[in-house]
Amino acid sequence: MSILKLENGQTLDNLSDIQSELGSLNIQIEHKNLGKSLHLSDLLAQDILSQLDKQQILLSYQTEFELLKQQAGYFCYDLLALHPGSPNLYTLTAAYSRYHTHQDAEALYILAGEAIFGIVRPEGNRVQLLVQAHDYIHVPGRVEHWFAPTASLHIKALRYFTSADGWIPQYTGTKLQDSLRNER
Ligand SMILES: CSCCC(=O)C(=O)O
Ligand SMILES: [Fe+2]
Ligand code: NI
């Protein structure tokens with residue numbers, strides 16, 4: 001389930017409270033357990049996935065993708081799978097965890113593990129959203145954010161793209177450290 005931390009340190013874990021806090025940015029957050037096979041849960045529990053494993057996982061969510069394609073106009077989807085032993089884990093997370101925007105919307109469905117989105121709200125204050133298994137988030141284009149796995153360093157998620165370009169980051173230079181300093 002998602003948890004939202006406000007800049008004043010208050011945390012919200014009630015989904016409708018979180019949805020209204022993020023409403024001003026039109027960020028969509030849902031929690032839906034799509035209920036899959038036992039075999040799939042075994043795959044999602046594995047760190048090392050073969051190409052075939054990854055294909056199987058993607059195929060398992062094809063039907064949901066087709067539905068989302070109609071509803072939200074997604075173009076394609078892929079699988080993000082990070083674990084402590086992932087090659088170039090730190091290069092990836094270093095890039096993701098810098099504040100950035102992109103033209104395209106950024107949407108994920110969390111399959112396993114967890115991650116944090118840092119988000120700048122229109123009034124300039126910053127919030128952090130923890131997303132976990134079965135959470136679906138849609139961040140509209142041009143919303144300033146960062147993304148990082150939690151200390152568990154485990155995250156598997158479907159990433160939904162609205163164009164072939166993907167999420168080309170425009171780094172904003174907002175210092176993460178500053179935001180942490182501002183957050184009590
Ligand atoms: C790794 S998925 C989310 C990271 C991100 O914000 C991005 O790639 O733009
Ligand atoms: Fe992003
Ligand atoms: Ni759930």
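Just follow the structure's listing: the first ligand is 1, and inside any ligand the first atom is 1.
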Environment of the Fe ion (ligand 2) in terms of protein N/O/S atoms, cut-off under 2.8 Å: H100 NE2, H102 NE2, E106 OE1, H145 NE2
For D104, all residues meeting side-chain contact (heavy atoms from CB on, under 4.5 Å), sequence neighbours excluded: T162, S163, W167
Nearest heavy atoms of V120 and G124, plus distance in Å: CG1-O, 4.0 Å
I'd like a table of the close N/O pairs between ligand 1 and the protein (anything under 3.5 Å), one pair per line with both atom names and the distance.
unit_1	atom_1	unit_2	atom_2	d
ligand 1	6 (O)	H100	NE2	3.1
ligand 1	6 (O)	E106	OE1	3.0
ligand 1	6 (O)	E106	OE2	2.9
ligand 1	6 (O)	H145	NE2	3.2
ligand 1	9 (O)	H100	NE2	3.0
ligand 1	9 (O)	H102	NE2	2.9
ligand 1	9 (O)	E106	OE1	3.1

Short side-chain donor-acceptor distance under 3.5 Å, N26 and H138: no
Aromatic ring pairing H100/Y171, orientation class (parallel under 30°, perpendicular over 60°, tilted between): perpendicular
Plane angle bin for F147 and F117 - parallel if under 30°, tilted between 30 and 60°, otherwise perpendicular: perpendicular
Distance (rounded to the nearest 0.5 Å) between H31 NE2 and I137 CD1: 14.0 Å
Aromatic plane relationship, H102 with H145 - under 30° parallel, 30 to 60° tilted, over 60° perpendicular: perpendicular
Donor-acceptor contact below 3.5 Å, side chain E144 vs main chain T101: no
Those residues that, when tested against Q51, pass side-chain contact (heavy atoms from CB on, under 4.5 Å) (two or more places apart): K54
